Each structure stands twice: as structure tokens, then as C-alpha cells.
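What follows is one structure encoded as C-alpha cells, with my remarks underneath.
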Amino acid sequence: MIKLHDLYFKPFVSETELDSTVQNLVDKIANDLQDEVPVFVGILNGSFMFVSDFVKKYPKPCEVTFIKLASYEGVKSTEDIQRLIGLTQDLTGRHVVILEDIIDSGNTLEEVHRIFENEHVASLKIATLFYKPEAYKKDFKLHYVGLEIPNKFIVGYGLDYDGLGRDLPNVYQLKTTKHMTNLVLFGPPGAGKGTQANFLKEKYNLVHISTGDVFRFNIKNETALGMLAKSYMDKGELVPDQVTIDMLNAEVEKNADANGFIFDGFPRTNAQAEALDNLMQSKDSTINAMIALEVDDEVLVQRLLERGKTSGRADDADESIIRNRITEYYNKTAILKDYYSTQSKYFGVDGVGSIEDITERLSKVIDAL
Ligand code: 5GP
Ligand code: MG
């Protein structure tokens, strides 16, 4: 995801896909024009990158020129088209192909036709890299269309948002849903994860999703997913990831206006981390960080033994059980640390100190995201 000025954009068309789209247009046009030497007319500014790639791929001699029109303000098309640079050469008798980056309302295209009205060209064809059929309000024929796209604002590959984004090699689409901060919170037993999750959810207005709680809720309330999960557990089998993901999805949808989520207890495996990425992507969002509370083993053992004296939890009373739980935690989370590290999303935070100090350290990480 990228941010330009005040808006967020998500990946939409990759460099590779753009390349093959341009190649397809070249193939079709070259095939139709045969041995004519066409004049390609790019509409500035947006089309400069498309025109450049297009003519580099064009297999035969051709001429290239530009006209410069302006119609867009911010993320909206306007009726008022300004002719900033018109035609600067005589095109009488020539085969002209207009190269547009994108056709939206068709207002710009109407102006193009007006410009060519009295030019006496041999033929005038329209080629556009992108076309938004839902926005198009004119009847001019579009002879060559690269990609038909939904009526959403895009940037990159020549297209800008208030001046920014033209230089990007990929194309991005405006994110219409709210920007969220989504965290995966990790910590060995005794690290104080629950306490910190409570502070963070208050401070950042996040929703804390503890997989254990979600499971218990669904089973207790006998939801369809709860019953499904229980059917596996009753057979002594692991609940398939998809069932857990569906439960998390339901939680996320229940809290659609949240500022973001703290995932706790999930993911545990690479496959689950990928499934969570896909879930967030389907919400136009992403996991921003895995934050792991780091506490020295000896400190954890002391803390848990201390807690065992009052909590009555059997697994907090026995030192060898405690050590096993800690070892198991590191064995299990090592893969996830790698998974998020390769995306530069892993943040280890020192979990020793006062509750306030630790919250402060976590906040620093979150504020910098
Ligand atoms: P139209 O006049 O057809 O409404 O829009 C054509 C021009 O508006 C394009 O050449 C382009 O400059 C701009 N435009 C239309 N849609 C978009 C879009 O989604 N993103 C950007 N950056 N510009 C657009
Ligand atoms: Mg344009």
C-alpha cells in the first residue's frame, strides 16, 4: 500500500501486467496498420510513460507527437478541458492513432475529436491503456482498449494524484475503505501480553481479537462455525485453518468501523499467516506489524512461579512445565518471526520494566508504522 498526499492506494496492476497489456495493443495496432507509417499522438501528461513503452515496442517506423490537455482536479474529472498545447504539425493525409492513458468520462476524448475535426487526416483511431466503461458518457468509438477497469481512481505509470504518483512503475487504486492499523501481538507465557493488549486497544481504539476467546464464544453460543469447530475437536482432530479464519472474518466484520485489530493467538503457522494476509487484503487492508514482547527466560520463570502461588493454575506452579511452555513458544513463533521479518514487519519490544514503560515502548513502534 502507498500514501500520496492524504490518500491511500493499493496495488492494482503490476509492471508485468502493464507490459503485456501494452504489448497486446502494439500487436493489434501494428497488425491493422501494416506498412503505413502512423503518427502516434500522446495526450499529455498522463500518457507519457505509456507512449514511451508503446513506441519502443512498435515494430515498424512511426512518428510520435503530443498534445497537452488538462481536465482532472484531484480525483474528479471536470467538464472544462483546457487545451495547453495543441497540434504543432500538419497531419493532412496521415494515419493517426491517439494514445490515451485512460478514458473516463470521455470529455477529453471529445476535445481530441474537436481538435482533429478540420485536420483532414486519412484515419483517426483511438487507443487507450485504461478504460472505465461505467464512467464513459460519450459515443466515440474506442478502437483499442488495453484494460477495462472499475470506476475507481488510479495512479501510477504516468497517472497522478495532484502531481504525485506519475513516476510509479506499477498502477495503484484508491482505497475507499478506512485505513486500519492491524497488529499481531506475540509474547511468551508470562510476558504480559494480555495486560498490554488491554492498554493498546484503549489507546488506539483497536479491537482485541483473541483466538481462544473467539473459539470459546462460538462454541458456547453454538454458532454454525462453533458447531463445525466442535465437530473436529470432538473427533480429536485439529480445527482446519479455514474454520478459524471464517471465525476471525466474522469478528472483523462485526467491527467494520474499528481503527484496526490486535490479533492474539493467531497466526501460529506460515499457512495461517498467509490466510490472515488474504483476509486483511479482502478488507482492503493489511497486517502492519508483528509485535513480540521479549522477556528473558529466567524472568519469565520467576514471574510465572510468583503468579502460580496465587493463581491456582497448575501449569504456573511447576518449573519444568513452565520451561517447556517457554521453549515451545520459541519453537512455534520462530517461523512467524521469519515470516514477518522478511516483510520488515517484525518488531521485538523489551518486555521487562513497569507496565507503563512497556506500553510506552509498544506505542513508539505503533506510532512509527
Ligand atoms: P475523461 O476526460 O475521459 O473524464 O478523463 C480523461 C483524463 O482524466 C485522463 O487522461 C486522465 O488524465 C484523467 N483521469 C481519468 N481517470 C483517472 C484516474 O483514475 N486516475 C488519474 N490519475 N487520472 C485520471
Ligand atoms: Mg490524460
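Both counts, for ligands and for their atoms, begin at 1 and track the order of listing. Computed over heavy atoms, backbone and side chain alike; hydrogens, waters and symmetry mates excluded. This one's a predicted model, so the numbers in the text were calculated from it and none came from an experiment. When a residue number appears, it is its place in the shown sequence, counting from 1.
Heavy-atom contacts of Leu159 reach the following atoms of ligand 1: 21 (C), 22 (N), 23 (N) (cutoff under 4.0 Å). Within ligand 1, the atoms closer than 4.0 Å to a non-hydrogen atom of Asp160 are 21 (C), 22 (N), numbered from 1 in the order shown. Close contacts between ligand 1 and Glu100 involve ligand atoms 10 (O) [criterion: under 4.0 Å to a heavy atom]. Of all the atoms in ligand 1, the ones that sit under 4.0 Å from a non-hydrogen atom of Lys132 are 16 (N), 17 (C), 18 (C), 19 (O). Set against the non-hydrogen atoms of Ser105, the atoms of ligand 1 under 4.0 Å away are 1 (P), 2 (O), 3 (O), 4 (O).
Atom NZ of Lys235 has more than 12 heavy atoms from other residues, nucleotides or ligands within 6.0 Å. Around the CD atom of Glu119, the shell of radius 6.0 Å holds more than 12 heavy atoms that belong to other residues, nucleotides or ligands. Counting non-hydrogen atoms of other residues, nucleotides and ligands closer than 6.0 Å to CG of Asp139 gives a total of 12 or fewer.
For Ile43, the heavy-atom gap to ligand 1 stays at 4.0 angstrom or more. The shell of residues lying under 4.0 angstrom from ligand 1, judged by heavy atoms, excludes Tyr161. Heavy atoms of Ile102 come nearer than 4.0 angstrom to ligand 1 in at least one pair.
By the 3.5 Å distance cut-off applied to N or O atoms, Val155 is not counted among the residues near ligand 1. For the pair Phe153 and ligand 1, the shortest N or O to N or O distance does not fall below 3.5 Å.
Taking a cutoff of 4.0 Å between a charged side-chain nitrogen and a carboxylate oxygen, Asp367 and Lys364 do not qualify as a salt bridge. With salt bridges taken as basic N to acidic carboxylate O contacts below 4.0 Å, one links Arg323 and Glu298. A salt bridge links Arg114 with Glu111: the closest approach of a Lys/Arg side-chain nitrogen to an acidic carboxylate oxygen falls below 4.0 angstrom. For Glu253 and Lys283, the salt-bridge test passes: some basic side-chain N is under 4.0 Å from an acidic carboxylate O.
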